[in-house]
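Here's the structure, in structure tokens; my notes come after.
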Amino acid sequence: MGERVRLYGATYSVYVRIVRLALAEKGIDYQLVPVDVFATGGPPPEHVGRHPFGRIPVFEHGDFALYETGAIARYVDEAFPGPRLQPADLFERARCNQLISLADAYAYRSLVWDIYVERVERPADGSFPDEERIAAALPMARTCLAAISELMGGHPWLAGPELSLADLYLASMLDYFVRAPEGEAMMREHGRLAAWWERMAARPSMVAIG
Ligand SMILES: N[C@@H](CCC(=O)N[C@@H](CS)C(=O)NCC(=O)O)C(=O)O
């Protein structure tokens with residue numbers, strides 16, 4: 001398994017960050033090849049050759065190429081030595097996969113695009129946030145945080161006693177969400193989740209992605 005590992009994507013991308021977190025937690029060296037999918041004119045044509053939907057990340061391990069973060073993250077966990085990122089326990093693994101689906105289906109758009117991008121990125125670019133879009137997303141964000149907190153229960157990590165891919169997925173999204181005042185306030189309403197977030201944010205893998 002000594003083949004070169006390459007990741008195509010941008011450092012700002014939530015999904016690229018999830019894979020970078022998995023690679024860091026496993027202790028794998030890799031090359032990050034910059035690809036800006038939001039460049040004027042769309043994703044570079046050579047990237048569409050790698051990813052027919054023009055998204056990031058794309059992952060390569062030797063001659064084996066893969067897109068879709070869920071597949072990449074599970075491959076990284078299974079192909080390389082290091083701490084396992086998918087629980088061995090059936091129920092905890094099911095919980096981990098449930099949380100990953102929740103992140104993809106409900107959290108990404110509302111927490112990152114509707115709230116963080118509008119509240120933080122738009123003003124930083126000199127535009128006004130779309131307040132209606134933010135207000136419309138807040139109930140979904142509330143449901144997401146309540147559901148994650150409920151599923152986590154009394155465990156130190158989201159899917160059980162050990163760190164898993166569920167933590168990496170949601171940390172990548174919540175990291176942006178809490179930069180919006182609405183996100184920071186909402187996180188504070190969930191004591192156990194807020195304590196998890198502090199532990200998560202201090203991990204070297206999180207510090208490394210900035
Ligand atoms: N289902 C994809 C989602 C990846 C994704 O949406 N990536 C974003 C960046 S975080 C992207 O490439 N967006 C470009 C676009 O929407 O055109 C995965 O799991 O990898």
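In what follows, every heavy atom counts, from backbone to side chain, and hydrogens, waters and symmetry copies are set aside. Starting from 1, each residue takes its place in the sequence as its number.
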For the residue pair [X] and [Y], what are the closest heavy atoms and their distance?
| X | Y | value |
| --- | --- | --- |
| Val14 | Tyr108 | CB-CE1, 3.8 Å |
| Val5 | Phe80 | CG2-CZ, 3.8 Å |
| Leu85 | Cys96 | O-SG, 4.5 Å |
| Leu7 | Pro57 | CD1-CB, 3.7 Å |
| Ile134 | Glu182 | CG2-OE2, 4.0 Å |
| Asp114 | Ala137 | CB-CB, 3.3 Å |

Is there a side-chain contact between [X] and [Y] in this structure, where contact means two heavy atoms from C-beta onward sitting under 4.5 Å apart?
| X | Y | result |
| --- | --- | --- |
| Val35 | Pro44 | yes |
| Val19 | Tyr30 | no |
| Arg74 | Asn97 | yes |
| Trp196 | Leu158 | yes |
| Glu162 | Glu92 | no |
| Arg119 | Glu131 | yes |
| Met186 | Ile115 | no |
| Arg95 | Phe91 | no |

Considering residues, nucleotides and ligands other than [X], do more than 12 of their heavy atoms fall under 6.0 Å from its [atom1]?
| X | atom1 | value |
| --- | --- | --- |
| Tyr106 | OH | no |
| Glu78 | CD | yes |
| Asp63 | CG | no |
| Glu150 | CD | no |

Over-ring placement of Arg199 relative to Trp157, 6.0 Å and 45° cut-offs: yes
For Tyr8, is the NZ or CZ atom of Arg50 found under 6.0 angstrom from the centre of its six-membered ring and inside 45 degrees of the ring axis?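 Cation-pi check for Arg50 and Tyr8: passes.
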Atom [atom1] of [X] and atom [atom2] of [Y]: how far apart are they, to the nearest 0.5 Å?
| X | Y | atom1 | atom2 | value |
| --- | --- | --- | --- | --- |
| Tyr75 | Leu66 | OH | CG | 8.0 Å |
| Ile148 | Thr143 | CD1 | OG1 | 10.5 Å |
| Met200 | Leu163 | CE | CG | 5.0 Å |
| Arg188 | Leu145 | CZ | CG | 12.5 Å |
| Leu165 | Arg93 | CG | CZ | 11.5 Å |
| Met206 | Leu168 | CE | CG | 9.0 Å |

Just by modelled atom types, is the [Y] backbone N or O under 3.5 Å from a matching donor or acceptor in the [X] side chain?
| X | Y | value |
| --- | --- | --- |
| Tyr169 | Gly70 | yes |
| Arg122 | Phe128 | no |
| Glu118 | Asp130 | yes |
| Asp167 | Ser164 | yes |
| His47 | Arg55 | yes |

Which residue, Arg203, Arg20, Arg84, forms the salt bridge (charged side-chain N to carboxylate O under 4.0 Å, His left out) with Glu25?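 Among the candidates, only Arg203 passes.
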So Trp197 and His190, side chain to side chain contact (heavy atoms under 4.5 Å, CB included) or not? Walk me through it. CA-CA 10 Å; Trp197 170 242; His190 297 277; over 6 Å; no
State whether Glu60 and Arg4 are salt-bridged, where the test is any N-O pair (Lys NZ or Arg NE/NH1/NH2 against Asp/Glu carboxylate O) under 4.0 Å.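 Here Glu60 pairs with Arg4 in a salt bridge, since their nearest N and O are under 4.0 Å apart.
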Are Asp36 and Tyr12 linked by a side-chain donor-acceptor pair shorter than 3.5 Å?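 Note: Asp36 and Tyr12 side chains meet the donor-acceptor criterion.
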